[in-house]
Undergrad: 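Sharing a structure here in structure tokens format.
Reminder, nothing fancy here: chain letters follow the sequence lines and each chain counts from 1.
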Protein chains: 2
Amino acid sequence: MNKEIDDKLKLKNIKPTAMRQLVLEVLLQHKTAISLPELEQKFEKADKSTLYRTLKTFQEKQLIHAVEDGTGSLRYAVCDDFCTCEPKDLHVHFLCIKCNKTYCLHDIPVPEIELPEGFTFENANFVIKGICKKCNF
Amino acid sequence: MNKEIDDKLKLKNIKPTAMRQLVLEVLLQHKTAISLPELEQKFEKADKSTLYRTLKTFQEKQLIHAVEDGTGSLRYAVCDDFCTCEPKDLHVHFLCIKCNKTYCLHDIPVPEIELPEGFTFENANFVIKGICKKCNF
DNA sequence: AAATGTTGTGCAATCGGGTTGCAAAGTCAA
DNA sequence: TTGACTTTGCAACCCGATTGCACAACATTT
């Protein structure tokens with residue numbers, strides 16, 4: 001099997017079943033974040049709930065992160081190798097309103113915000129909507 | 001009928017039906033953003049699709065704005081009087097993961113982000129999750 | 001290898017938010 | 001009052017997410 005894939009699974013302590021290898025392969029190939037329904041379409045016959053649980057496992061083990069891009073379905077993208085999904089690892093996402101793809105802007109961290117007194121920070125979801133490079137030309 | 005409510009409707013060119021007055025009243029009373037299902041519960045017998053379309057109308061006329069807070073349902077809050085829902089009017093939202101309420105942080109504008117070349121900005125959704133003041137004490 | 005426990009998978013069903021079609025009721029102007 | 005337009009209520013539907021259950025795959029112990 002593909003070395004990179006098995007390495008990534010091992011790195012995050014995920015047992016490398018056939019299903020998981022396939023799913024991770026699709027996730028890695030896909031340049032933009034992908035939703036469960038989209039993932040389903042990539043497979044001829046895989047079961048929805050299996051895919052669902054595979055994504056959940058990946059997410060728990062911090063192999064992937066979820067983006068709430070407001071399209072009505074959560075989208076997932078592979079984390080950087082040493083991401084622990086903590087505040088410092090958070091980045092901005094971009095949803096193209098034309099092609100409906102969601103990009104990870106890995107280089108753009110979510111800006112720190114000074115919250116009102118008494119409010120404490122746990123997590124953040126920052127999605128910018130607009131037109132992506134491809135659709136702009 | 002309540003003067004404030006009718007004024008707000010008139011200001012945004014919305015015909016003041018009984019239903020709309022009631023819905024706006026609830027929205028104004030409610031300190032945090034409210035979802036369609038939550039709104040439904042505030043009424044004994046109002047119809048879901050009527051409420052749905054009322055919210056849509058309010059949103060189109062920029063009386064309210066929607067927040068995608070990742071709870072699975074859109075939440076709505078009344079805009080400031082002269083909000084036109086343009087980038088300059090965007091503010092950060094805060095979702096308390098304990099009481100599940102979504103606050104408008106009116107005073108905290110969504111920070112400007114320098115997008116990668118070729119990407120253009122249209123809109124943004126920035127939700128911070130954590131514990132709110134009430135739940136922290 | 002057989003027996004046992006644990007984990008993963010497939011199928012079917014359910015839940016819940018959002019949305020739509022349609023007909024009846026209400027509004028308004030001529 | 002008539003006719004055009006808008007709003008409302010009801011029922012149905014769509015679709016993403018989630019769960020229960022049984023069986024399969026795998027690992028572990030004897």
Undergrad: State whether the distance check finds a donor on one side and an acceptor on the other, under 3.5 Å, for side chain B:Arg53 versus base C:dG21.
TA: yes
Undergrad: At under 4.0 Å, does any side-chain N or O of A:Thr50 touch on OP1 or OP2 of C:dG10?
TA: yes
Undergrad: Which class fits the ring pair A:His65 and A:His93: parallel under 30°, tilted 30 to 60°, perpendicular over 60°?
TA: tilted
Undergrad: Nearest-Å distance, CG (A:Leu74) to P (C:dG17)?
TA: 15 Å
Undergrad: Taking atom P of D:dG16 as reference, at what distance in whole Å does atom CG of A:Leu55 sit?
TA: 14 Å
Undergrad: By the 4.0 Å heavy-atom rule, please label B:Arg20 as base, sugar-phosphate, or nothing.
TA: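 Sugar-phosphate contact only - B:Arg20 comes under 4.0 Å of backbone atoms but never of a base.
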Undergrad: Closest nucleotide of DNA chain C for B:Lys15 versus for B:Lys48: which of these residues is on the 5' side?
TA: B:Lys48
Undergrad: Measure from CD on A:Glu60 to C1' on C:dT7 and round the result to the nearest Å.
TA: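 Atom-to-atom, A:Glu60 to C:dT7, this comes out as 14 Å.
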Undergrad: Indicate yes or no for a side-chain donor-acceptor contact from B:Asn125 to the backbone of A:Val127 under 3.5 Å, with no hydrogens or angles considered.
TA: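 No; zero donor-acceptor contacts below 3.5 Å.
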Undergrad: Which part of the nucleic acid, if any, lies within contact of B:Ser49, taking any heavy atom under 4.0 Å across all strands shown: a base, the sugar-phosphate backbone alone, or nothing?
TA: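 Counting heavy atoms under 4.0 Å across all strands, the contact made by B:Ser49 includes a base.
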Undergrad: May I have the distance from A:Asp47 (atom CG) to D:dA24 (atom P), rounded to whole angstrom?
TA: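 Result: 15 Å.
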Undergrad: When you measure from the side-chain N and O atoms of A:Tyr52 to the phosphate of D:dT18, is any distance below 4.0 Å, counting only OP1 and OP2?
TA: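 Yes, such a contact exists.
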Undergrad: Quick one: does A:Ser73 reach the base of D:dC15 with a side-chain donor-acceptor pair under 3.5 Å?
TA: no
Undergrad: Is the shortest side-chain N/O distance from B:Lys56 to OP1 or OP2 of C:dG18 below 4.0 Å?
TA: no
Undergrad: Would you confirm whether A:Glu122, through its side chain, and B:Lys129, through its main-chain N or O, come within 3.5 Å as a donor-acceptor pair?
TA: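 Flag not set: sc A:Glu122 to bb B:Lys129 has no pair under 3.5 Å.
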Undergrad: Between A:Phe119 and B:Phe94 (judged by ring centroids, cut-off 6.0 Å), do the two rings come close enough to count as a pair?
TA: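 Yes, close enough.
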Undergrad: Tell me the interatomic distance from A:Arg75, atom CZ, to D:dG16, atom P, rounded to whole angstroms.
TA: 11 Å
Undergrad: Expressed in angstrom and rounded to an integer, what is the separation of B:Ile14 atom CD1 from C:dT27 atom P?
TA: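 B:Ile14 atom CD1 is separated from C:dT27 atom P by 18 Å.
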Undergrad: Mind calculating the distance between CD (B:Gln21) and C1' (D:dT7) to the nearest angstrom?
TA: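 Atom-to-atom, B:Gln21 to D:dT7, this comes out as 14 Å.
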Undergrad: How close or far is atom P of D:dG16 from atom CD of B:Glu68, stated in whole angstroms?
TA: 16 Å
Undergrad: Is the distance from OP1 or OP2 of C:dT27 to the nearest side-chain N or O of B:Thr17 less than 4.0 Å?
TA: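 Answer no for this pair, as no side-chain N or O of B:Thr17 is under 4.0 Å from OP1 or OP2.
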Undergrad: Less than 4.0 Å between a side-chain N and a carboxylate O, is that true for A:Lys3 and A:Asp7?
TA: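 Between A:Lys3 and A:Asp7 there is a salt bridge, with a charged N closer than 4.0 Å to a carboxylate O.
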